[in-house]
Asker: 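Before I ask anything, here is the structure I am working with.
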Amino acid sequence: VDVEEQSTGELSFGAGYSTSEGVIGDISLTERNLLGNGQFARLKLAGSLERYQIELSFTEPRFLDMNLAAGFDLFHKEVDQSSTSGFKSRKTGATLRLGYPLAEDLWVQNYYTFSRDEIYEVSNNASLAIKDACGATDLTPGHDPNCQDEVYYTSLVGTSLTFDRRNHPKNPTSGYYMQGSVDVAGLGGDAQFVRLAAEGRAYYPITEKITFVGRAVAGHIEGWGDDDVRVLDLFFRGGETIRGFERSGFGPRDMTPGGSKDAVGGKTYWAATAEVRFPLPLVPDDLGMSGAVFADAGSLFNASSRAKDVLGNNLVDDSSIRSSVGASLLWNSPVGPLRLDFAKTLTKEKYDEEQFFRFGASTKF
């Protein structure tokens with residue numbers, strides 16, 4: 001028997017353009033057999049005109065010579081939400097992970113995360129709810145808020161349960177995937193909340209080359225110990241969840257007359273997608289291009305108690321269903337999966353912000 005070891009190291013990079021973030025790019029260095037011990041390590045840098053992040057990950061797949069996957073992640077992330085909510089944010093921290101199988105397709109992972117979270121560079125025209133969140137000393141509309149650059153620390157423990165019966169992890173055509181997680185913050189640190197999240201996906205082959213895809217997601221966060229949920233921990237949703245909407249295009253919003261109409265985030269969201277994917281006629285399969293038609297629906301609501309107090313009747317917060325239909329072009333390009341979505345909203349609120357065309361990274365189905 002002749003055994004030839006395959007290469008275990010990988011250097012990858014990509015660049016492109018997203019309608020929500022402008023020019024985007026990433027580069028990563030991965031080693032799947034570090035020093036010949038079967039360990040996984042990855043250094044990744046990614047960014048755009050509105051986002052920057054760096055991550056270092058390490059995983060030992062046979063921790064203590066048992067069927068346990070233990071590892072850690074170090075991360076730093078900066079996000080510019082000036083155009084949608086009037087502030088910038090940064091998060092720096094570390095996560096410890098321990099995962100193990102409960103059955104052949106069932107996996108549980110426990111983790112602990114400690115992070116430093118900060119809101120900074122709040123604009124003069126930001127919502128009063130955002131200014132209040134950063135410790136502003138001047139809440140006069142249009143004035144410099146004199147923010148104290150709100151900084152707090154989050155100490156969080158969580159667990160997730162994943163059941164995966166897909167026939168392929170990257171390009172599935174049959175099977176289903178389900179994941180649920182529970183996070184509890186407040187074991188030290190400044191933030192106290194409980195966060196629940198769930199996701200389900202199903203793939204059904206209509207024919208050999210046509211696949212139906214269904215997806216449902218939901219999440220809720222609630223403070224405890226008399227603590228309200230902080231702005232950086234709230235959910236902000238837009239075209240990445242329901243196509244046809246701008247980034248942070250739906251959900252609770254400050255509609256103060258003459259104000260900036262900033263999104264202020266919500267505690268509860270849900271969304272569902274039905275999609276049919278098919279090959280493009282007259283296009284060779286080896287080009288990796290395909291088409292899709294879809295229908296999306298969902299909602300984001302339940303603003304923080306502090307936002308309700310500060311904004312009063314100027315806060316709009318509606319749980320009504322937002323929905324859209326459209327068509328997509330998907331391409332497994334040499335620099336990664338790309339996707340073009342054309343969507344028409346069917347139901348929305350008058351204060352929501354729409355986006356007919358969206359281009360960027362493919363949705364992770």
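Hydrogens, waters and symmetry mates are skipped; everything else that's a heavy atom, side chains included, is used. Please read all numbers here as calculations on a predicted model, not as lab measurements.
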Asker: Report the residues that fulfil salt bridge (Lys or Arg N to Asp or Glu O under 4.0 Å) with R62, sequence neighbours left out, ordered by chain and then residue number.
Answerer: none
Asker: Out of curiosity, D318 CG to I321 CD1, how far, rounded to the nearest 0.5 Å?
Answerer: 10.5 Å
Asker: Report yes if the side chains of F193 and L156 come closer than 4.5 Å at any heavy-atom pair, otherwise no.
Answerer: yes
Asker: Evaluate the criterion side-chain contact (heavy atoms from CB on, under 4.5 Å) for residue pair Y269 and I242; output intermediate values, then yes/no.
Answerer: CA-CA 11 Å; Y269 77 93; I242 304 176; over 6 Å; no
Asker: side-chain contact (heavy atoms from CB on, under 4.5 Å) with T92: which residues, sequence neighbours excluded?
Answerer: H76
Asker: Do you know which two heavy atoms are closest between A263 and S85, and how far apart they sit?
Answerer: O-OG, 2.7 Å
Asker: Is the shortest side-chain N to carboxylate O distance from R247 to E240 below 4.0 Å?
Answerer: no
Asker: Is there a donor-acceptor pair under 3.5 Å between the side chain of S304 and the backbone N or O of A307?
Answerer: yes
Asker: Are there over 12 heavy-atom neighbours, none belonging to K91, within less than 6.0 Å of that residue's NZ?
Answerer: yes
Asker: Please name the pair of heavy atoms, one in T211 and one in T173, separated by the smallest distance, quoted to 0.1 Å.
Answerer: CG2-O, 3.6 Å
Asker: Which pair of non-hydrogen atoms, one from P252 and one from A303, has the smallest distance, and what is that distance?
Answerer: CB-CB, 3.8 Å
Asker: Contact between D233 and I221 at the side-chain level, heavy atoms closer than 4.5 Å - yes or no?
Answerer: yes
Asker: Apply side-chain contact (heavy atoms from CB on, under 4.5 Å) to the pair Y153 and F114, showing each step before the final yes or no.
Answerer: CA-CA 7 Å; Y153 296 89; F114 186 84; 3.9 Å; yes
Asker: Any side-chain heavy atom of V151 within less than 4.5 Å of one from Y120?
Answerer: no
Asker: Check whether any side-chain heavy atom of S248 lies under 4.5 Å from a side-chain heavy atom of R237, and answer yes or no.
Answerer: no
Asker: Looking at side-chain heavy atoms only, is the closest gap between V231 and F236 below 4.5 Å?
Answerer: yes
Asker: Using a 4.5 Å cut-off on heavy atoms from C-beta on, say whether the side chain of D317 contacts that of K308.
Answerer: yes
Asker: Treating S115 as the side-chain partner and D117 as the backbone partner, does any N or O pair qualify as donor plus acceptor under 3.5 Å?
Answerer: no
Asker: Compare every heavy atom of Q192 with every heavy atom of G225, then report the nearest pair and how far apart it is.
Answerer: O-NE2, 3.6 Å
Asker: How long is the span from the CG atom in N171 to the CZ atom in R277, to the nearest 0.5 Å?
Answerer: 8.5 Å
Asker: When the side chains of residues 283-301 are checked against the rest of the protein, which donor-acceptor pairs come out under 3.5 Å, sequence neighbours left out?
Answerer:
unit_1 : atom_1 : unit_2 : atom_2 : d
D285   : OD2    : K209   : NZ     : 3.2
D296   : OD1    : R243   : NH2    : 3.0
D296   : OD1    : T273   : OG1    : 2.8
D296   : OD2    : R243   : N      : 3.1
D296   : OD2    : R243   : NE     : 2.8
D296   : OD2    : R243   : NH2    : 3.4
S299   : OG     : S319   : O      : 3.2
S299   : OG     : S320   : O      : 3.1

Asker: Strictly distance-based, threshold 3.5 Å: is any side-chain N or O of D352 a donor or acceptor partner for the main-chain N or O of F250?
Answerer: no
Asker: Working to the nearest 0.5 Å, report the span between CG of L311 and OG1 of T256.
Answerer: 5.5 Å
Asker: So, T268 side chain and H220 main chain: donor-acceptor pair closer than 3.5 Å or not?
Answerer: no
Asker: Over all heavy atoms of both residues, which pair between S305 and K267 is shortest? Give the atoms and the distance, please.
Answerer: OG-NZ, 4.0 Å
Asker: What I'd like to find out is whether the side chain of D341 reaches to under 4.5 Å of the side chain of L329, using heavy atoms alone.
Answerer: no
Asker: Measure the CG-NZ distance between N314 and K261 for me, rounded to the nearest 0.5 Å.
Answerer: 10.5 Å
Asker: With D164, which residues qualify under salt bridge (Lys or Arg N to Asp or Glu O under 4.0 Å), at least two apart?
Answerer: R166
Asker: If you measure from the Lys or Arg side-chain nitrogens to the Asp or Glu carboxylate oxygens, is any gap between R306 and D132 under 4.0 Å?
Answerer: yes
Asker: Name every donor-acceptor pair, under 3.5 Å, that has one atom in a side chain of residues 176-183 and the other anywhere in the protein, sequence neighbours excluded.
Answerer:
unit_1 : atom_1 : unit_2 : atom_2 : d
Y177   : OH     : Q179   : NE2    : 3.4
Q179   : NE2    : T162   : OG1    : 2.9
D183   : OD1    : Y111   : OH     : 2.4
D183   : OD2    : R195   : NE     : 3.2
D183   : OD2    : R195   : NH2    : 3.0

Asker: Is it true that R230 and D228 make a salt bridge, defined as a side-chain N closer than 4.0 Å to a carboxylate O?
Answerer: no
Asker: If Ile, Leu, Val, Met, Phe, Trp and Tyr residues are connected whenever their side-chain heavy atoms lie under 4.5 Å apart, and connections chain through other members, are V217 and F235 in the same group?
Answerer: yes
Asker: Answer yes or no: does atom CZ of F278 have more than 12 heavy-atom neighbours from other residues, nucleotides or ligands under 6.0 Å?
Answerer: yes
Asker: Can you list everything that forms a side-chain contact (heavy atoms from CB on, under 4.5 Å) with L98? Sequence neighbours excluded, please.
Answerer: F63, L68, A70
Asker: Could you go through L43 and I27, starting from their C-alpha distance and side-chain angles, then the distance that decides it, and tell me whether this counts as side-chain contact (heavy atoms from CB on, under 4.5 Å)?
Answerer: CA-CA 8 Å; L43 175 64; I27 181 170; over 6 Å; no
Asker: Taking S323's backbone N and O only, do any of them form a donor-acceptor pair with T347's side chain (distance below 3.5 Å, no angle check)?
Answerer: yes
Asker: Starting from Y351, can I reach F356 by hopping between I/L/V/M/F/W/Y residues whose side chains sit under 4.5 Å apart?
Answerer: no
Asker: Looking at A129 and V310, what are the two nearest heavy atoms and their distance?
Answerer: N-CG1, 4.1 Å
Asker: Can S155 and Y112 be counted as having a side-chain donor-acceptor contact under 3.5 angstrom?
Answerer: yes
Asker: Less than 4.0 Å between a side-chain N and a carboxylate O, is that true for E78 and K88?
Answerer: no
Asker: Say whether L196 and W224 are linked into one hydrophobic cluster, either directly or through other cluster members, by side-chain heavy-atom distances under 4.5 angstrom.
Answerer: yes
Asker: Does a side-chain N-to-carboxylate-O contact under 4.0 Å join D73 and R97?
Answerer: yes
Asker: Going from CG on L45 to CD1 on I54, what distance comes out if it is rounded to the nearest 0.5 angstrom?
Answerer: 4.0 Å
Asker: Is there a donor-acceptor contact under 3.5 Å linking the side chains of R339 and S328?
Answerer: yes
Asker: Do E118 and R90 meet the salt-bridge criterion of a basic N to acidic O distance under 4.0 Å?
Answerer: yes
Asker: Do you see a donor-acceptor pair shorter than 3.5 Å between the side chains of Q355 and E353?
Answerer: no
Asker: Same cluster or not: L64 versus F58, using hydrophobic residues (I, L, V, M, F, W, Y) connected whenever any side-chain heavy atoms lie under 4.5 Å apart?
Answerer: no
Asker: Measure the shortest side-chain to side-chain distance between I210 and P279 over non-hydrogen atoms and say whether it is less than 4.5 angstrom.
Answerer: yes
Asker: Let me see the working for S89 and Q81 under side-chain contact (heavy atoms from CB on, under 4.5 Å), right down to the final yes or no.
Answerer: CA-CA 8 Å; S89 66; Q81 294 179 236; 4.2 Å; yes
Asker: Transitively linked via ILVMFWY side-chain contacts under 4.5 Å: I130 with Y152?
Answerer: yes
Asker: Decide whether T345 and E354 meet the rule of one side-chain donor and one side-chain acceptor closer than 3.5 Å.
Answerer: yes
Asker: Just how far is it from atom CD of E55 to atom NZ of K44, taken to the nearest 0.5 Å?
Answerer: 6.0 Å
Asker: Any ion pair linking D262 and R253 (charged N to carboxylate O, less than 4.0 Å)?
Answerer: no
